[in-house]
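For reference, the structure discussed in these notes is given below.
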2 protein chains.
Amino acid sequence: MSIKKLAEHLNLSKSTVSRALNGYTDVSAETRAKVMQGAKDINYRANATAKRLASGKSRHIGIILPSNDDMFISPAFSKVLASASSLLAKHDYLLIVTTIAPFQNELKVYQDFMNGGLVDGLFVVRTRKDDERIQMLNQRKFPYICHGYLPGFTSEMYVDVDNEQAFYEMTIKQILAGHQQIAFLDGPSELALSQSRLEGYKRAMNEHNLSINPQWIQNGRLSEEDAANMAKEVLSLAKRPTAILCADDIMAVGAIAASEALGFNAGSDLAIAGYGDYSVGRYSKPPITSMRYDTEKVGEEMAKLMLNKLESTAFEVQNWYKASIVERQSDQVTTA
Amino acid sequence: MSIKKLAEHLNLSKSTVSRALNGYTDVSAETRAKVMQGAKDINYRANATAKRLASGKSRHIGIILPSNDDMFISPAFSKVLASASSLLAKHDYLLIVTTIAPFQNELKVYQDFMNGGLVDGLFVVRTRKDDERIQMLNQRKFPYICHGYLPGFTSEMYVDVDNEQAFYEMTIKQILAGHQQIAFLDGPSELALSQSRLEGYKRAMNEHNLSINPQWIQNGRLSEEDAANMAKEVLSLAKRPTAILCADDIMAVGAIAASEALGFNAGSDLAIAGYGDYSVGRYSKPPITSMRYDTEKVGEEMAKLMLNKLESTAFEVQNWYKASIVERQSDQVTTA
DNA sequence: TTGTAAGCGTTATCAG
DNA sequence: CTGATAACGCTTACAA
């Protein structure tokens, strides 16, 4: 009843008021001024839901985070989102995020977001092989942008870090430091990024003709706990690895804890490295050798791609980002 | 046009279909079954926006996070949100969260969320003295629940940690360990929680007749950087403190870094303590003596209070939570 | 138990 | 430049 009220108050028609409010050009300057003033006077606020229903647009972008254990969002991704959110806000889009509890049906939450224009577009993160979310999105022709490349993606739909290359380089670093038996504690195997990282590790090992004991490769959640368990497993092998690569710094922290519990000294008789350059790694003991990429840029690119898809913008975007090694102490092995 | 289509397809009226779909009792079992089947057949999905417009309810709860530097959300609060979200989801409510970039107008984002039933209720966090958000919410009679007590709040509208008591106890701990010159690096001064913490610190000092040098008390963001700067300041005082209390573990990390840069050894010739029991503190060097509270419970209580307000539920809730000290090494001063 | 019709608050088309 | 009027897709009295 609100725009109607405002119209009556001003002795104008709803349509004229609507046009004035929305900056259409076919309104006399005088009328527009009157409307604007009137809106202020009666403290008018457009009903967003009604707008959405009538226009089919919400200016909301959604993202549904996988339930990250007991966290709403990981610190690493928190930064990516902050910058995406910020850029979107500059273009008058609001980023809304939610999470799915373990007991919830992921696809159903996606549907909730899509049905009825709650959001105009969706960010999809942690892409997986044969991702059902992507299939559904495609089927419904719903606009989306991915963090995480998948075969078939075209450049306007994703941004990613070159995980393969990153772990290739980190593995090479360990090999050059004299390690031959290198374990790799990877993330959940279904994730595209875990698979890429594994590829990078393997490529480095193969290039140097180092054989890989299948037991050196473990998959688990990106948590301290899982990493600690995997590290224990790996360290109790007969052919014990002398270096452990971890899928992220949280895992590296867990691996360090586990190795110390077993009497190994990370950073002196056992090399450990992580990924992500989380603050936890900078201040851990020993500080963790890690890999960093430009989280802020990645978030921005995601936002830009989304705007390109939804608006008439044509931002240039860089699809691939490179992670570079951050040298610290955890992989400094003194006794070779 | 969708429910209409479904109705036509089934040769029923829109209203009957609507009632059947929404579980009303005044629908014959037969009809209901037919509707359900038909909905499946044509893959019908209700338009949430239209529903919202017609019903005035969204089953969404919102939360607007203060732009936390470059993070979307702090790790500590991430856990609170995860459990709130989970409990809400069990009651078929979706928690949607967004953040405000530094350049955005906070109140405007709140209005966006309220206008037109995007959300049925709002969580307000990091309450401040004379909080304008609260004033606006009250004025609009919009349902909200706070994390952070403010004078005048009744028990059905907030949950909080007893910050005053927590910092009282932590201060006492330092005093009993022999410290007389204790600095306190507090969070932003406008936050209710910063004020409470300061009170606790002062109470402990007064109780033991220890005078407080005003320069020992500093306010800043809950970031490593700000904490490091404040620590430097405090440590270059003529009457240098022998213990530094920090508003959270991130700050403690910053304080440790700063003190080491100045040649002090945190945990042996300088006591440092934090708050929040973040994982960064568990693995820092030295590990940080901190305080922990039940983040999961706090999140749940927030959700319960919201449900009590919005639904007919009557959950019992505990308003105040206690933080207890987690002993680690950063405040273990060997040379008294 | 089902149908009719009037909203919900906007936008958008089409005359004037 | 302005005003009717019909959507948008669903809910909800009120009738039947």
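The sequence lines fix the lettering, A, B, ..., with proteins before strands; numbering per chain opens at 1.
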Nearest whole Å is fine: how far is [N] [atom2] from [X] [atom1]?
X: Arg19(B); N: dC10(D); atom1: CZ; atom2: C1'; result: 13 Å
X: Ile3(A); N: dA12(C); atom1: CD1; atom2: C1'; result: 12 Å
X: Lys34(B); N: dT2(C); atom1: NZ; atom2: P; result: 8 Å
X: Arg45(A); N: dT10(C); atom1: CZ; atom2: C1'; result: 17 Å
X: Asn22(A); N: dA12(C); atom1: CG; atom2: P; result: 8 Å
X: Glu8(B); N: dG3(C); atom1: CD; atom2: C1'; result: 14 Å
X: Asn115(A); N: dC10(D); atom1: CG; atom2: C1'; result: 13 Å

So, OP1 or OP2 of [N]: does either fall under 4.0 Å of a side-chain N or O from [X]?
X: Thr16(A); N: dG3(D); result: yes
X: Asn47(A); N: dC8(C); result: no
X: Tyr24(A); N: dA12(C); result: yes
X: Ser55(B); N: dC10(D); result: no
X: Ser28(A); N: dT2(D); result: yes
X: Tyr44(A); N: dT10(C); result: yes

**Prompt:** Closest approach of Glu300(A) and Ser83(A), non-hydrogen atoms and distance?
**Reply:**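 Closest approach of Glu300(A) to Ser83(A), heavy atoms only: N-OG, 3.5 Å.
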**Asked** Val27(B) side chain: which of dG9(C), dT11(C), dT2(C) is closest?
**Response**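 Between dG9(C), dT11(C), dT2(C), the one nearest the side chain of Val27(B) would be dT2(C).
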Determine whether a donor-acceptor pair (one donor, one acceptor, N or O, separation below 3.5 Å) exists between the side chain of [X] and the base of [N].
X: Ser15(B); N: dT4(C); answer: yes
X: Lys4(A); N: dT10(C); answer: no
X: Arg52(A); N: dG9(D); answer: no

**Prompt:** Does atom CD of Glu296(B) have more than 12 heavy-atom neighbours from other groups under 6.0 Å away?
**Reply:**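 No, the 6.0 Å shell around CD holds no more than 12 heavy atoms from other groups.
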**Request:** Return the 5'-most residue of the pair Leu53(B), Asn11(B) with respect to DNA chain C, ranking by each residue's nearest nucleotide.
**Result:**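 Of the two residues, Asn11(B) wins.
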**Asked** Taking for each residue the nucleotide of DNA chain C with the nearest heavy atom, is it Ala54(B) or Arg32(B) whose nucleotide lies nearer the 5' end?
**Response**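 Nearer the 5' end of the strand: Arg32(B).
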**Prompt:** NA contact type, Ser18(B), heavy-atom cut-off 4.0 Å: base, sugar-phosphate, or nothing?
**Reply:**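 It contacts base atoms.
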**Request:** Name the nucleic acid region contacted by Ala48(A), choosing base, sugar-phosphate or nothing; use a 4.0 angstrom heavy-atom cut-off, strictly under.
**Result:**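 Since no nucleic acid heavy atom lies under 4.0 Å of Ala48(A), the category is nothing.
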**Request:** Tell me, with the steps shown, if Leu307(A) and Leu88(A) meet side-chain contact (heavy atoms from CB on, under 4.5 Å).
**Result:** CA-CA 8 Å; Leu307(A) 291 170; Leu88(A) 286 174; 4.2 Å; yes
**Item:** Straight-line distance of Gln104(A) CD to Asp112(A) CG, nearest 0.5 Å
**Value:**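 If I round to the nearest 0.5 Å, the distance is 9.0 Å.
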**Item:** Donor + acceptor pair across side chains of Glu156(A), Thr154(A) (<3.5 Å)
**Value:**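 Indeed, the side chains of Glu156(A) and Thr154(A) share at least one donor-acceptor pair under 3.5 Å.
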**Asked** Between Glu190(A) and Arg126(A), does at least one N-O distance fall below 4.0 Å, as a salt bridge requires?
**Response**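 No, this pair does not count.
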**Message:** Quick check: on DNA chain D, is the nucleotide nearest Lys14(A) upstream (toward 5') of the one nearest Asp26(A), or the reverse? Name the residue that is more 5'.
**Reply:**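 Between the two, 5'-proximity favours Asp26(A).
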